[in-house]
Asks: 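The structure follows.
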Amino acid sequence: MNNELTDVSALFGEDVFNDTVMQVRLPKKTYQKMKRAIEEGETLDLETADVIAHEMKEWALEKGATHFTHWFQPLTGVTAEKHDAFLSAPLPSGKVLMSLSGKELIKGEPDASSFPSGGLRATFEARGYTLWDMTSPAFVRHDEAGATLCIPTAFCSYTGEALDQKTPLLRSIAALDKQALRLVRLFGNTKAKHVTPYVGPEQEYFIVDREKYLKRTDLVFTGRTLFGAAAPKGQELDDHYFGTLRPRIASYMRDVNRELWKLGVPAKTQHNEAAPAQHELAPVYEKATVAVDHNQIIMQTLKRVATRHGLRCLLHEKPFAGVNGSGKHDNWSLMTDDGVNLLDPGTTPHENIQFLLVLTCILKAVDTHADLLRESAADVGNDLRLGGNEAPPAIISVFLGEQLEDVISQLVATGRAASTIKGERLRTGIANVGEVRRDATDRNRTSPFAFTGNKFEFRMVGSRDSVAPPNTVLNTIVAEAFRDACDVLEQAEDFGSAVHDLIKEYATAHQRIIFNGNGYSDSWVHEAKRRGLPNIGSMVDAIPALTTEKAVRLFDEFGVFSESELLSRIEVKYDTYSKDIRIEARTMIDMAGRELIPAMIRYCGVLAKTARAVEECGLPADVEKEMLVRLNGLVKEAQNAKCALAEKLEGAERLPEGRAQAVFYRDEVVPAMNALRTPVDAAEPLVDRALWPVPTYADLLFEV
């Protein structure tokens, strides 16, 4: 057997129609046209597209593919695909040819009315288009369906509105590129042709046994446990975090890595996370459009490979109460195509004027549009997680660290920064450890938007969500800040003085967004309120940020969203929130009524029978009766709560769809769900284990 470590370089990207493959397979002129289309946005003529499609098809056939699909990201939260065979119409001989035309490569036509559109498409307006995204390479996916050529695409309506996550992302990348180029030109960079956002999304997830998962109706229908008493042991010993991988998990991760590497996904880091059964996978940074696609591939692969191992991957933000939930840290930076990271402060940040301008522009962007950034990470699962001392608070702030905060303080005080705090020797008290210097700045895991050396880490994104929306917002708000700065500096008579004045102005005006302290503390909530920072605690309250006057103007000016597209997304988000809670509430009623309350009643019968038998023996049955009274009380409480939840659910469904219904679900239905869970969870430890009908937290979290 070959050493797998030495095989990775040969394995990596073997199922991707990447630049290396194109150079080999495409005629030189075709390849050059393709590169210009990718890098400069030139339009491909149909003749060139036909050549590319033919070679892509031949390559895919060699990989065993029989079908191709336009692979896209509608507003459902998952990817979508429709498979077409490479078959052409049968010849007179009865034979068929395998073909893929340039037209089929460039454009597909799924049914747009069957996807969430927020009113952009009516039921009778079915036409929509998937359009080839050349910036993200096609790949062949091998799974139980065989081999399929997957062509990454954008998805829009018949009239051109975005119906997906990819289209706005691509628009925002173009907007940021244009404004960032203006900025680097001011500092004398005439070589760079593009400035591109790079992204590295860290993916957290839980793994449970599949057989146990299938016995939990709540996990099957909602992705999280709606009932469940805490296990005797949780994560309080911190022994799972970075612990040795269990053999079954190690085998699973090995196969996940191989699958991802073949698809060109640079999966690099894997480890146990804080909660039992929780894990993390982190890739190397890539261009944003590719990173977004790769994160979707990562989530799909985690799920698919888990099934092969008799496991189930849970991507919900809070699958288990009482232990940490899962997020997705979105690491974001800016790179020129000549290799300059605009977020690299260098060894003397106080002298790096370009970096200081970029930094203060980002402070301005985040402070001005904190509500938009918060909304970009809003989902139902995150409502259970944000602000819970396991994830960043719902208040947007920026962590810069001691070094950069000191530089900003100098700028605010004097308009100039004269020094930079240096990292000192790390003193370990161990004589035979070599010279190690510590970083000038610590890390802060409680910050939602933290500078971490040469990038920003947006730590608020939900584990099952696409990273396209937060990056779309980041790109757009930073593009606006860059534009405003360039508008001033391009007109300045003395650039040196003007740039220093502008850096001081931005640092002073937006220093309120900087917070290096404990984001979990109650004092920060009060301090943030004093500073005037928004604290948006729920998805329902975050959604309106999309259609404020400043948001509509921002997205319109940079061509990222039209007002109608924003309004449609608001409708989809309210609808999604209501439907998610409705499914959870119905599932709770079903589980409580058909499984859990009956189990409680059965054990009441056992206790009553036991009490009688004990008394017949002439012995006191005080313990049995006490348990019976307590459990019977919980039965009544649970039954009443179940009926109350059903009434609330009926009330919600009578309301018209939209904000009013979503608010009712949050304010009335969710508390009723919690009221049902409380007595059932209290009863679970009282009922004989053999009579409890579903796997417990101990079964799910510790038996993998």
Side-chain angles (χ1 to χ4, degrees), residues 73-79 116 165 169 199-206 219 222-225 273-275 278-283 291-292 294-300 302-303 313-321 323-332 370-396 445-450 457-474 519 536-543 545-546 569 572-581 583-584 662 666 670:
Q73 301 171 36
L75 302 179
T76 56
V78 295
T79 55
Q165 309 285 18
L169 175 70
V199 172
E202 304 168 31
Q203 180 68 54
E204 294 177 343
Y205 60 97
F206 280 80
L219 283 179
T222 73
R224 75 178 181 106
T225 53
E273 254 297 334
Q278 188 185 34
H279 312 280
E280 180 177 300
L281 184 155
V292 166
H294 280 176
N295 185 248
Q296 294 293 328
I297 292 173
I298 286 171
M299 290 190 287
Q300 290 177 331
L302 288 170
K303 289 181 178 181
C313 175
L314 305 178
L315 293 174
H316 194 284
E317 287 73 28
K318 193 71 173 178
F320 301 100
V323 298
N324 278 13
S326 296
K328 189 175 321 197
H329 298 177
D330 185 77
N331 296 279
W332 180 89
D371 57 342
L372 272 182
L373 200 55
R374 166 67 180 92
E375 194 286 325
S376 74
D379 73 12
V380 181
N382 257 353
D383 281 5
L384 302 169
R385 186 177 153 264
L386 298 180
N389 287 3
E390 64 180 66
I395 305 163
I396 296 290
R445 67 183 300 272
T446 72
S447 174
F449 197 73
E457 183 180 18
F458 185 38
R459 302 181 66 253
M460 194 178 275
V461 185
S463 52
R464 59 182 162 165
D465 288 342
S466 167
V467 290
N471 285 294
T472 297
V473 169
L474 265 174
I536 305 172
S538 77
M539 176 181 177
V540 173
D541 288 337
I543 292 171
L546 285 173
R569 272 163 166 71
V572 169
K573 287 172 181 285
Y574 282 135
D575 189 48
T576 298
Y577 182 89
S578 296
K579 287 178 178 176
D580 279 0
I581 300 298
I583 291 169
E584 290 187 350
R666 181 195 63 190
V670 169

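All values reported here derive from a predicted model rather than from experimental measurement.
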Asks: Looking at Ile536, is its backbone amide N or carbonyl O close enough to the side chain of Arg374 to form a donor-acceptor pair, meaning the two atoms are under 3.5 Å apart?
Replies: yes

Asks: Once rounded to the nearest 0.5 Å, what's the spacing between atom CD1 of Ile396 and atom CG of Leu372?
Replies: 10.5 Å

Asks: With no hydrogens and no angle check, is any side-chain donor or acceptor of Asn382 less than 3.5 Å from a backbone partner on Ala377?
Replies: yes

Asks: With rounding to the nearest 0.5 angstrom, report the CD to OH distance, Glu280 to Tyr205.
Replies: 9.0 Å

Asks: Is there a donor-acceptor contact under 3.5 Å from the side chain of Glu317 to the main chain of Arg464?
Replies: yes

Asks: How would you list, by chain and number, every residue that makes a salt bridge (charged side-chain N to carboxylate O under 4.0 Å, His left out) with Asp371, sequence neighbours excluded?
Replies: Lys550

Asks: Please walk me through it: do Glu584 and Asp580 pass side-chain contact (heavy atoms from CB on, under 4.5 Å)?
Replies: CA-CA 6 Å; Glu584 290 187 350; Asp580 279 0; 5.6 Å; no

Asks: Is it the case that the side chain of Gln296 and the backbone of Val78 share a donor-acceptor pair, with hydrogens and angles ignored and the cut-off at 3.5 Å?
Replies: no

Asks: Without swapping roles, check the side chain of Glu204 against the backbone of Gly327 for a donor-acceptor pair under 3.5 Å.
Replies: yes

Asks: Check whether any side-chain heavy atom of Val292 lies under 4.5 Å from a side-chain heavy atom of Val199, and answer yes or no.
Replies: no

Asks: So Gln203 and Leu315, do their side chains get closer than 4.5 Å, heavy atoms only?
Replies: yes

Asks: Would you mind reporting whether Thr79 and Gln300 have side-chain heavy atoms less than 4.5 Å apart?
Replies: yes

Asks: Which is it for Arg666 and Ile581 under the side-chain contact (heavy atoms from CB on, under 4.5 Å) test, yes or no, and what are the steps along the way?
Replies: CA-CA 8 Å; Arg666 181 195 63 190; Ile581 300 298; over 6 Å; no

Asks: Rounded to the nearest 0.5 Å, what separates atom OG in Ser466 from atom CG in Asp379?
Replies: 11.5 Å

Asks: Quick one: CZ on Arg459 to NZ on Lys328, what's the gap to the nearest 0.5 Å?
Replies: 15.0 Å

Asks: Are Pro392 and Ser447 close enough that some pair of their side-chain heavy atoms sits under 4.5 Å apart?
Replies: no

Asks: Would you please name every residue forming a side-chain contact (heavy atoms from CB on, under 4.5 Å) with Lys318, sequence neighbours left out?
Replies: His316, Leu384, Glu390

Asks: With side chains defined as the heavy atoms from C-beta onward, is the minimum distance between Glu202 and Asn331 less than 4.5 Å?
Replies: yes

Asks: Quick one, Phe449 and Leu474 - any side-chain contact, counting heavy atoms below 4.5 Å?
Replies: yes

Asks: Take Leu75 and Gln165, measure what side-chain contact (heavy atoms from CB on, under 4.5 Å) needs, and give me the verdict at the end.
Replies: CA-CA 7 Å; Leu75 302 179; Gln165 309 285 18; 4.0 Å; yes

Asks: Tell me every residue that passes side-chain hydrogen bond (donor to acceptor under 3.5 Å, both in side chains) with Asp575, counting only those two or more places apart in sequence or in another chain.
Replies: Lys579

Asks: Has the side chain of Gln278 got a donor or acceptor atom that lies under 3.5 Å from a matching backbone atom of Gly325?
Replies: yes

Asks: Nearest 0.5 angstrom please: Met460 CE to Ser376 OG, how far?
Replies: 8.5 Å

Asks: Are Asp330 and Glu457 side-chain neighbours, meaning at least one heavy-atom pair lies under 4.5 Å?
Replies: no

Asks: To the nearest 0.5 Å, tell me how far Asp383 CG sits from Tyr577 OH.
Replies: 5.5 Å

